[in-house]
Asks: 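Dropping the structure in here first, questions after.
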Amino acid sequence: MAADKDNDANICLIEDFRPRLRKLIEVEFVLDHLNFLDNDNKDLIRTKARKESNLKAVDLLIDTIIRIRPLPNGWFREFVDALSAGGCKHAATYVEDSPPCPALEAENDNCVRLIELLSPSLLEMKTTDVCWDCFSKDILTAEDREIILAECQNRGNMGGARELLRRIVRFPPGWFSIFLKALQNTEHKNLFKELTGESPGDNLIDEPGVLMAVNEAPGNVDHMVEEGPVEAAGNSFLPEQETLDSSLDSSVTSMHLDEPSEADSETAGCIAAAAESPPKDVIVLRDYQMDVARPALEGKNIIICLPTGSGKTRVAVYITKEHLDSRRKEGRPGKVVVLVNKVPLVEQHYSTEFWKFLKNKYKVERVSGDSQLKISFTDIVQKNDIVICTAQILENYLERAHSGDDDGIKLSDLSLIVIDECHHTQKGGVYNHIMIRYLKQKHKNAKLKKEQKDTVDIPQILGLTASPGVGGAKKIEKAEEHILRICANLDAYKIMTGNLGENKKEPHKKIATAEERKEDPFGDVIKGIMNAIHVHAELNPTCDLGTQNYEQWVVQKEQNAAKEENQKVRVCAEHLRQYNEALYLGKTIRMWDAFSFLDKYFDEELKKKVAPEDEEAIIKTDTERFLFTLFKDSKVKLQELAKLPQYENNSLAKLRTKILHEFTSREKARGIIFTKTRRSAIALAQWVQENSKFEEVGVKACHVIGGGGQSVVKPMTAAEQRDVLNKFQNAEVNLLIATTVAEEGLDIAACNFVIRYELVTNEIAMIQARGRGRAEDSSYTLVAGEGSGVAERESVNEYREKMMSKAIDKVKKLDQDEYEKRIKEFQIQAIMEERVRTTKKKQKGMKKESPSKVKFSCRSCNKPVCSGEDVEIIENMHRVNVTPQFKELFIQRENTSLVKRLLDYETNGFIACKDCGQRWGSMMLYRGIECPCLHVKNFLVTYDEKKKNINKWSELGIQLPAFDYAEHARSVAESSEDEQSM
């Protein structure tokens with residue numbers, strides 16, 4: 001349960017930050033490091049990036065991750081690490097829920113927009129010179145450099161310039177000042193002046209991402225350049241198609257100016273704070289901040305638990321400064337590592353907090369991916385006083401040292417570790433891996449001390465969190481245990497909370513419950529179709545149609561039918577899933593939208609049964625004919641019912657009332673509606689736009705979503721996103737309808753009402769979402785249908801929040817001896833559990849049986865396809881079958897949604913069963929050789945005479961041979977010569 005809740009929270013987080021991730025992720029580099037995705041999905045994503053755009057590929061990547069069930073253990077950590085290793089450090093900080101402070105993001109967004117506006121002039125730059133200079137300053141990776149230089153060679157200087165601009169803006173805030181410096185170094189004085197309004201000699205470059213003469217009056221910005229190197233990295237800007245996606249994120253965060261975002265609210269506006277009376281390196285804490293910091297200032301390990309926007313990070317900066325100051329006075333070396341669980345947080349903490357306040361006294365650096373390092377992480381740690389990095393990087397180098405590698409890091413090299421979002425320090429998480437190392441050494445030290453031997457230094461630990469949650473607990477005792485486990489994992493002396501007093505602001509919260517509609521003829525028709533399918537397939541559902549339970553039931557039926565080779569039930573189950581989805585849609589959005597969903601699905605299914613030219617017709621089974629006819633016979637009736645407004649769901653009516661109330665009771669209403677899916681966001685926006693009542697009260701609505709890999713949902717381009725958010729900022733649009741992908745970045749403080757429509761997650765996400773509404777007299781409303789369970793889950797979250805507060809209070813009130821006793825018990829348990837896991841991991845490995853024992857058959861028609869000995873692996877990722885026999889079994893289709901090109905291979909189509917049209921995988925062109933790439937989920941796998949449904953190749957557990965490129969290339973060449981000689 002706890003793992004499921006963590007997965008849900010992490011998925012929600014990824015969705016929330018989707019707009020940012022779309023602009024910050026370069027999928028071709030990230031996919032190489034994602035082992036929990038099967039090669040079929042990777043091929044699809046790569047193809048989409050190549051043929052459509054990187055933005056759409058990112059959407060497909062996120063959608064694919066979200067759809068995986070069950071998610072493998074450690075998937076989230078692996079995803080974050082893949083982002084870092086793939087050079088997308090800024091994206092990783094967002095995924096780790098550590099975005100830059102709103103003011104810095106807004107400032108960075110202004111820089112992004114400026115680059116976009118002036119791109120016609122910037123395309124005239126001497127791209128090669130600027131590229132090398134940017135590369136030398138670490139705002140381009142080696143991969144970036146090679147691609148840009150290749151683009152210059154293949155498409156000219158302007159083509160290379162476009163690629164350069166697209167890539168530098170993906171770095172965290174700070175890229176702009178470095179880019180200005182690069183222009184200055186390469187003698188682009190005119191471009192420098194066009195960007196800044198000043199000549200290069202005027203010393204305008206200073207803090208990362210901050211634009212001087214462009215933003216208001218220079219007098220508002222204390223940004224004169226200081227001695228020492230200019231620090232930076234990149235953030236979010238993409239050209240043309242991708243530009244606007246970054247703008248979404250940028251605009252999203254730029255709307256967050258009223259919220260301090262983990263910084264003291266008085267200094268949330270980074271620019272304004274820099275101009276206030278205290279010197280820039282002076283950190284002023286509020287009373288409640290100083291109270292929670294005190295034990296840490298005494299050298300104790302603590303967890304600081306403060307609400308979002310109350311300045312946890314600012315407290316951490318203060319503690320870091322005092323820690324280094326005290327060690328310097330004592331003549332002892334000090335080394336601080338700040339760990340974050342999301343790549344975007346690296347630059348946020350670096351630019352707006354640690355570098356900003358400590359740069360004049362200490363060397364501060366940030367790292368969020370090996371691909372962008374000019375020197376090793378070990379050297380960076382040695383040469384700097386403070387290093388902000390993703391946790392996986394530190395873990396990797398701790399493991400190196402443990403393995404005897406000289407290029408590693410030991411815990412004894414560090415004097416303070418700051419762990420952001422420390423509630424993730426639980427089983428399976430990278431934070432916990434690091435802390436297990438710490439706990440092992442701590443307990444070894446205790447033994448060494450008893451033996452009167454020298455102990456090994458271990459660092460002080462400082463954890464930061466807004467909400468540790470309750471770990472799925474239903475009783476206060478279990479919630480208390482959850483809090484104690486986190487304290488134990490972090491070896492915390494105490495968990496510190498503060499009384500914000502008048503600094504605490506919360507919106508008025510309401511729950512609007514809609515009555516269940518009395519008549520639903522549209523749903524009745526769909527249920528009639530489903531019941532007809534039940535009779536045809538001899539199925540007897542045990543739960544109500546249109547529910548999550550039914551979805552789970554029908555999925556199980558489909559999987560069992562595939563194993564049993566019962567094609568009748570398997571195909572019927574697939575169609576029942578679609579009808580069940582339509583029933584759900586009809587309960588939350590308009591019936592017309594549900595009808596459109598079904599119509600598009602059947603259109604796509606019919607296309608699968610159309611054979612390519614010069615191929616034999618694909619046979620439809622009797623069951624398939626029955627299912628297609630069933631929908632065709634009901635289509636007109638569904639279409640007619642979908643147009644009748646009197647049968648619409650009451651949740652929409654309740655939402656309409658709420659929107660009208662907000663816009664008629666406020667002088668200037670400006671709000672956001674968050675909904676669960678992209679489909680519902682688009683549909684709700686259309687609904688508002690088409691309703692004259694809304695127009696009469698001045699509602700100007702628009703949706704904002706991420707891109708989509710789903711054929712039934714039109715993805716939003718970057719340009720569209722930027723346009724919508726700019727209009728929202730300028731009041732041309734006053735009602736945004738967004739998926740949770742925009743929730744974390746949007747400045748809900750700038751809005752006076754927030755509505756969550758049929759949307760609830762867990763208590764941690766609820767606390768964070770509620771914290772977005774920070775304007776005076778703002779409202780937060782949950783609209784939920786009666787019987788939907790949404791309102792109940794929200795109440796559960798509220799209960800859990802109260803239970804969490806009580807549990808924290810109980811932990812704080814424990815006698816210190818009792819507290820330390822329980823902490824020690826949990827620590828010993830954690831160490832033992834880790835040993836067991838390590839032992840099992842070592843024992844677990846690939847089975848050494850012959851691959852020939854594995855047989856693959858078509859999941860749809862059960863036709864035997866091949867054995868495991870026919871399958872080879874390319875680059876430890878792609879399972880291909882290049883045998884002549886296999887080539888005779890499939891047809892190849894062109895698919896515009898499949899496009900991805902990397903240096904050595906590309907995919908631009910899919911392969912499907914010649915008999916039934918079932919997709920089997922994609923056609924990969926690997927170094928000039930066509931290689932059919934198999935997606936294991938599309939096959940029924942037989943092993944040891946047992947039939948299995950396998951979603952990922954890693955589940956197979958059989959070692960397949962590596963693809964012999966040289967041998968296959970030789971055979972292809974010989975075959976070609978034979979054909980020519982004939």
Asks: Within the structure provided, determine whether Phe674 and Ile737 are in side-chain contact (heavy-atom separation under 4.5 Å).
Replies: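 SC-SC contact between Phe674 and Ile737 ruled out.
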Asks: Look at the aromatic rings of Phe753 and Phe663 and report parallel, tilted or perpendicular, splitting at 30° and 60°.
Replies: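 Aromatic pair Phe753/Phe663 classed perpendicular.
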Asks: Taking Arg666 first and then Glu662, would you say they form a salt bridge - that is, a charged N and a carboxylate O separated by under 4.0 Å?
Replies: yes
Asks: Using a 6.0 Å cut-off, check whether atom CD of Glu696 has over 12 heavy atoms from anything other than its own residue.
Replies: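 Yes.
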Asks: So, are Arg517 and Asp520 salt-bridged, with charged N and O less than 4.0 Å apart?
Replies: yes
Asks: Would you find more than 12 non-hydrogen atoms of other residues, nucleotides or ligands less than 6.0 Å from Glu732 atom CD?
Replies: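 Atom CD in Glu732 is crowded, with more than 12 foreign heavy atoms closer than 6.0 Å.
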Asks: Answer yes or no: is there a side-chain heavy-atom contact under 4.5 Å between Lys587 and Ser651?
Replies: no
Asks: Quick one: CD1 on Ile11 to CZ on Arg67, what's the gap to the nearest 0.5 Å?
Replies: 11.5 Å
Asks: Would you please name every residue forming a side chain to side chain donor-acceptor pair (under 3.5 Å) with Arg656, sequence neighbours left out?
Replies: none
Asks: Is the shortest distance from a Lys or Arg side-chain nitrogen in Arg314 or Glu353 to a carboxylate oxygen in the other one below 4.0 Å?
Replies: yes
Asks: Considering residues, nucleotides and ligands other than Asp524, do more than 12 of their heavy atoms fall under 6.0 Å from its CG?
Replies: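 Atom CG in Asp524 is packed in, count exceeds 12.
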Asks: Quick one: do Glu648 and Arg590 make a salt bridge, cutoff under 4.0 Å?
Replies: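 Between Arg590 and Glu648 there is no salt bridge, as every charged N stays at least 4.0 Å from the carboxylate O atoms.
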Asks: Stepwise, does the side-chain hydrogen bond (donor to acceptor under 3.5 Å, both in side chains) test hold for Thr781 with Lys510?
Replies: CA-CA 5 Å; Thr781 304; Lys510 303 174 185 175; 5.7 Å; no
Asks: For Lys806, is there an ion pair with Asp809 - N to carboxylate O distance below 4.0 angstrom?
Replies: no
Asks: Using modelled atom types only, decide if a donor and an acceptor are shared between the side chain of Asn650 and the backbone of Glu515 within a distance under 3.5 Å.
Replies: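 Looks like yes, one N/O pair under 3.5 Å.
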Asks: Please list, chain by chain and in numerical order, all residues satisfying side-chain contact (heavy atoms from CB on, under 4.5 Å) with Lys635, sequence neighbours excluded.
Replies: Phe595, Asp599, Phe631
Asks: Kindly indicate, with the supporting measurements, whether the criterion side-chain hydrogen bond (donor to acceptor under 3.5 Å, both in side chains) is fulfilled by Arg113 and Asn110.
Replies: CA-CA 5 Å; Arg113 285 191 287 272; Asn110 289 336; 2.6 Å; yes
